Every structure is written in C-alpha cells, then in structure tokens.
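Contents: one structure, followed by commentary.
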Number of protein chains: 2
Amino acid sequence: MKKAEINSTEIARLAGVSRSTVSRVINNYPNVPAETREKVMKVIRQYNYYPNMSAQVLAGKKTRTIGLFLIDAGHVSSDILTNMLISSVIENASAYGYYVLTNIIRNTQDQDAVRSVKEIFYQRRIDGGIFIGAANHEPLIEELIAEGFMIGIVDQHLPGRTEPNRIVANFDNDRGMELAIDYLAGLGHSKIGVINGDMKRQSGPSKYEGYLKAMAKRGFEVRPEWVLPGDFHQEAGYQAIQKLLQSASSLPTAIIAANDSVAFGAIQALHENGLSVPRDISVIGFDDHALSRMHQPPLTTIRVDFMHMMNRLTGALIKKIEQGADRFEPFTIGCELVVRDSCRPL
Amino acid sequence: MKKAEINSTEIARLAGVSRSTVSRVINNYPNVPAETREKVMKVIRQYNYYPNMSAQVLAGKKTRTIGLFLIDAGHVSSDILTNMLISSVIENASAYGYYVLTNIIRNTQDQDAVRSVKEIFYQRRIDGGIFIGAANHEPLIEELIAEGFMIGIVDQHLPGRTEPNRIVANFDNDRGMELAIDYLAGLGHSKIGVINGDMKRQSGPSKYEGYLKAMAKRGFEVRPEWVLPGDFHQEAGYQAIQKLLQSASSLPTAIIAANDSVAFGAIQALHENGLSVPRDISVIGFDDHALSRMHQPPLTTIRVDFMHMMNRLTGALIKKIEQGADRFEPFTIGCELVVRDSCRPL
DNA sequence: CTGAAAGCGCTTACAG
DNA sequence: CTGAAAGCGCTTACAG
C-alpha cells in the first residue's frame, strides 16, 4: 500500500550525479555550482524528497529536537499555567526550526519515570532539554549535566555549579517580595503574613527570604504564627488559612501567597470562614495567573513574565546546542506589581 | 568533554557475546536463555547503555513518536482549551510509551508551514499524527493520508473517504444543539438565535444544522436576522452581538453560541450595551471551557469531554501504528447539558 | 568541483 | 541457541 520510499541514491540517479552531490545540495555546501544545485533541486522537488531523519542523525547531524520536562504531581492537563509554558516553549523553538518533545513527570522518585527521562537523552532523541518544576537539587538533572547534555533549568540556584552546559533561569523573587511589601506598607499594613511555597524548589526559600529581607528593611515584625507552610497549589493556600484561623492568637491584616493559585485557595478559605477579602484581610499573589484578573475579587499580584523567560531560555539552549557551551550564563527575569482589588488601605 | 558513547559492539565485547545477541536481549527475543540474557543485562545496566534511537529506527524500528498539529490563527500560548488538548495527548501517549512532537500551525495557506509539516512526516520523525482545528477538507491532510501516513483528525466529516489510515473523531453536535434547545424550550423560550462557528470546519455547519433540526422539531421559527455569522473566538461573539443589536428588528430571548469563548464575547457585548444576562437575554455556550464556571454569570453550556476524545483518538492512532490499519473506524463522543446561571425561565 | 568509500549504530534474516 | 554479514539512508573526509 505504501509507495516505495524515495532516497538519495534514487535522487542522485535521476539527477545524474552522485549521492555525495545530492547531500551537498541538501546541506547547502558552498562548493556546488548553481547549475548543478538547480538540477538536483528540481528532482528533489519533483519527487517530494525529504532526507530520512534517522539516517541524517546517525551520520552526525543534530536532531533539532529539544525535550521539555514538566515535573508536577498534579494533573497537568488542567493547570493553565503549566500549559502556557508548554506552548510557549513550542512556539519559541519552532521559530528556530526546532521541535519539542514534551514529557510530564509525576514523581521524580519513581524509578520508571527517571529511567524514561534518561532514555530520551541517552537514546539521542533530543539535542538538549528544559526542566520546569524540579527540586533545586534534583539528582536526575545533575547526572544529565555531568554527562555533558545541554540542560536548561527554570528555578535553580546551586552555588558553585557553573558548568557551561547548565543554563539557569530565575525570577527576581527578592524584588517581587519587596514590591509586595512596599505596596502593602504604602496602604498602611505592617502585620503581614506569608504562605510559603514548596521549600524544596528554589523559588520557595527564595521568596521566603525576600519576604524576611523586605520585612526587616521596614522594621516590621515577623510573627512565626503568620509564616504558614505550603506549596504552590491552591489546596495549600486553603489549608494554610484553616490552620491560621484555628491556631493564631491574632490575625495579620495582609497575607502574601507563594503564588496566585495559593492565593485563590487562601481567599476561598477566608470566605468560608466569614472573612471578606479585602475588607477583613488583604491578599496578594505572585505570578499573575491567567485567572487572576477574572477572580472575585480580582487579585492584586506580582506579575512575572513566564513567556519572556521561556523565550530566553529556549533561545539560550538552542544557541548552546548549535554553537557549543563555552561558559555558564544564568539569567534573572524581573517582575512588577499589578494592582487589582484584593488589598485595601488600612 | 563528552564521554565516549558506549555502543552495542562494546556491550557485546564486555558481555562476551555478539552484537546480535545484545540486540536480541534488548528486543526481548524469546530464543535467548535466561542465563545469557542476565549476563548481557548486567553489562547494559552497569554501563548505563541505551541503544541509539536513530540507528534503531534506521534499522526498521518505529520512532514511538506521534506528531500533534494544532491549527489555530490565534496565539495558542494563551488559549486554555488548546493547551489542555496538548497535555491531554501527551499524557495519553505517554501511557503507551509514546512521545509527542507538538506543532502549532498558524495558517495552512502558508507554504512554509505546510512544508514543515510534510517534512516531519516524510523525514520519518514520527509514526503518525493528530490534527486539531483544521478545515473539514484540508489538502495537506488529504495528501498525507493518500501517502499512507496514519492520521487522526478531530472534527471531520468527509463522506466516502474511508481509508483505513484515517481516524476521525467528532462530538455529537446534533445532540448538543438538541439539548440546548430542549432546555431553553423548557424555560419557555422559542425565540432562539444562534452565533455560528467557523463554517470551514466540520463543527461549524454541523452545529448549525443541529440547531435548524432542533428548532424545526419544536416548530420554532428560525429568523434569519437571528442567525449570526462568526467563528470560534471570543471576538466573533462580541462582533455578532454588536451586529445583532444594530440591525435586528427585534431581539431573540435566548442565544446559543458556537462555543463558550464566543459566549463570553457575546455576553460582554450585551453588557456593554446595557443588556443583562440572563435577565434581558439568555445565553448558552458549548464546550464547558475551564473558565465557564468562573464566568460572571456562570455559563450554562453543553459540556463536551475533550480529554475523553483525545484519550480515544490517541489510543486508536497508536493501535493502528502498531497493529496496522485494517479498516476505517470513526467515532463520536457524546455531550451533556451543564446548567449554571446564564439562562432564565421566561 | 565531484565521486568512491568509510562510517554512523543498530536489526534481522540466514546459516549453522 | 548464536554469530557473521547485509542493510537501513545518510554525511563527510579523502583523493583527484
């Protein structure tokens, strides 16, 4: 049923040249006269010939494919933010003529999952990979970097690890927290609590440290009972507030959530307990999630430009793939305050 | 810097067997004694050996990769629904041990875009592909099917085209429209307008025909000025309402939108023109978009299970890839009414 | 400017 | 049960 595949031998025969010349035409070698090139191209076009990718790669070409690895215990299909990251990488890579092989890893403790990621690299399915959502120190990633693979990582800070094939992208969480606290201070708040993110990931402790630093700068008291453990999911925000309301001797007037999803959960819990946002308590998020502006109340948050980050990270990875990794080049993306209606002046 | 790659020759040498035997172990041939197998496996594990994928494919193995092609003129990164489809296919394929190469096509008229899609197939990067968002008759897809590639298509109806390598998935739009109109009729509505979707896609005319059929069944009059052209984007809903309000001699009491995004746009336009939903006019959507339940007012809609569809379609495609395509097997996924607050009894 | 030949790393009839 | 060998379809020094 399937037509016989046409290959370079056949093209060579039809064009009256050798396979070497066909290959030179395909790969744009300069030492092919225009006339010969055109003669070969004509046959190529006529027969709809595309060189077999596996043969090209086996002979030494790049795959022009990058791997995208999302680490998330949740059901990614329904997470808007993660989904946006996926498309963002695809679109950026596509602009460079690269393809994206996307993978979702539920649990980095799962040996099968780890094996399957390694397989993709060792099999040479891809030229490099991008990891999103991993712990700050993830053995799998460290092994791949040690093996010399080109790896882009969102959200990592590992002092001293400056291999040239490690590309690191972070948001300026310090600055974000400072913006949030400056804004709240301007509204008259000084009793400010925080719901922490996942402390295994770099952005968890980094946001918390930013909070501590900004609170100290203002001379605001950090009350341990207002520092609530959590992670980056909505449910954690909900639970954090339940805990706060049950056990705290008094309440803060404002709370900064590790991200907007956490803020949604927190606000839900506050509402269920008869507290109104922002009347009784102000809440500020982090990310500027697609839903934040549609939320009730519209969420004041620290906007972070994920698309811009993925754009730079994808570009940097592809550059290293094509030009080689000469030195470690981490970068940081800024953030800005977006004022909506979830905070009120005191 | 990069370690020398280990290959099957090396593994064979270390295990004291031939490359043939190493290959038989890797491919689980039955005629290898447990003892030999274990001896080889030990070396494979010890040296972290994974067979080179390009070599395997060149020697006749499958790529175990499927292509996912999203056709959408909009900026996909921000479209929640499309993003959900992407993750859904990835997760389903992954369960079968397949990888997904995702591509976004802005315009099927763009020759470069078309060429790049063909290239992926002809280069043998993938074993098959899934197309979402294409016109009912898309020459690119028809060419690929004619070439014998395994193709899954969402939203297509081409009578007589029943090639075994064509896999077609549709929603039951007829039934969806019937549910919507039955519900509205139950609330006392009979003056029901419709905002059509993209008529080049199968779901456009198919929803419209469902509307006509259900209206006829009830004996409700179809007023041409209440049949509004559009497409599947929010802006189209907005424009359709603007046009309706400017030119119609009287207004319907209810409007069915081609999908929820269109409904959002329609409601926005109604509000901007001082009309309240559902007080002045009832609106019903289609899809049950992730935002529909958070919308103001929460949107009544016809829910359609995209995940289920992608699940079946991905499974069917992989089955055909592995077992061969023997016959044409289209399928249809049902839908259900989700009542929220955007319609009111008359 | 161009062709013959080696080589990339596998799989799989074939022969024993 | 197992090895030697052909073959998959390219690319790229090498030699001319």
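Protein chains get the first letters and strands the later ones, always in sequence-line order, with residue 1 at the start of each. Note that the structure is a prediction, hence the values are computed from the model and not measured.
Residues A:Arg106 and B:Glu91 are paired through a salt bridge, judged by an N-O separation under 4.0 Å between the basic side chain and the carboxylate. The pair A:Asp155-A:Arg201 meets the salt-bridge criterion, since a charged nitrogen lies less than 4.0 angstrom from a carboxylate oxygen. At a threshold of 4.0 Å, the pair B:Arg45-B:Glu38 counts as salt-bridged, since one of the basic side-chain nitrogens sits closer than that to a carboxylate oxygen.
In the set C:dG9, C:dG3, D:dG3, the nucleotide with an atom closest to the side chain of B:Thr21 is D:dG3. Across D:dA13, C:dC14, C:dG9, the shortest atom-to-atom separation from the side chain of B:Leu58 is found for C:dG9. Looking at the side chain of B:Pro51, the nearest of the listed nucleotides D:dT2, C:dC10, C:dG7 is C:dC10.
If you check D:dA4 for Watson-Crick or wobble pairing at under 3.5 angstrom, you find it has no partner at all. Nucleotide D:dA13 forms no Watson-Crick or G-U wobble pair with any nucleotide shown, as no partner meets the under 3.5 Å limit on both distances.
Computed from coordinates, the A:Ile26 CD1 to D:dT11 C1' distance equals 10 Å when rounded to whole Å. What separates OH of A:Tyr50 from C1' of D:dT11 is a distance of 21 Å, to the nearest Å. Here the P atom of nucleotide D:dC10 and the CD1 atom of A:Ile6 are 10 Å apart, to the nearest Å. At whole-Å resolution of the value, CD1 in A:Ile44 and C1' in D:dG9 are 14 Å apart. In this structure, A:Lys61 places its NZ atom 13 Å from P of D:dC10, rounding to the nearest Å. A straight line from CG of A:Asn28 to P of D:dT12 spans 12 Å, rounded to a whole angstrom. Rounded to an integer number of Å, the gap from CD of A:Gln56 to C1' of D:dC10 is 7 Å. Distance A:Tyr122 OH to C:dG9 P: 16 Å, rounded to the nearest Å.
Applying the 4.0 Å criterion to OP1 and OP2 of C:dC10, one finds that B:Asn52 has every side-chain N and O outside that range. The shortest distance between the side-chain N/O atoms of A:Asn27 and the OP1/OP2 oxygens of D:dT11 is below 4.0 Å. Contact between the side-chain N/O atoms of B:Tyr49 and the OP1/OP2 oxygens of C:dC10 is found at a separation under 4.0 Å. Contact check, A:Tyr29 against D:dT12: a side-chain N or O comes under 4.0 Å of OP1 or OP2. For C:dG9, the OP1/OP2 oxygens have no side-chain nitrogen or oxygen of B:Thr9 closer than 4.0 Å. For B:Ser8 and C:dC10, the shortest distance from a side-chain N or O to OP1 or OP2 is below 4.0 Å.
At a threshold of 4.0 angstrom between heavy atoms, the contacts of B:Ser23 include nucleobase atoms, whether or not backbone atoms are also involved. Using a 4.0 Å heavy-atom criterion, one finds that B:Ser54 contacts no nucleic acid atom at all. Residue B:Asn31 is classed as a base contact, given a heavy-atom separation below 4.0 Å to a base.
Judged by atom type and distance alone, A:Ser20 reaches the base of C:dA4 through a side-chain donor-acceptor pair under 3.5 Å. One cannot find a donor-acceptor pair under 3.5 Å joining the base of C:dG9 and the side-chain atoms of A:Arg124.
Considering B:Ile167, B:Leu158, B:Ile151 in turn, B:Ile151 is the only one that fulfils the side chain to side chain contact (heavy atoms under 4.5 Å, CB included) rule with B:Ile145. Just one of A:Ile66, A:Leu68, A:Leu101 meets the side chain to side chain contact (heavy atoms under 4.5 Å, CB included) condition when paired with A:Ile126; it is A:Leu101.
Here, C:dG16 and C:dT12 have their C1' atoms 16 Å apart, quoted to the whole Å.
Within a 6.0 Å radius of NZ in A:Lys39, more than 12 heavy atoms belonging to other residues, nucleotides or ligands are found.
Nearest-nucleotide mapping onto DNA chain C: of A:Pro33 and A:Arg19, the residue sitting toward the 5' end is A:Pro33.
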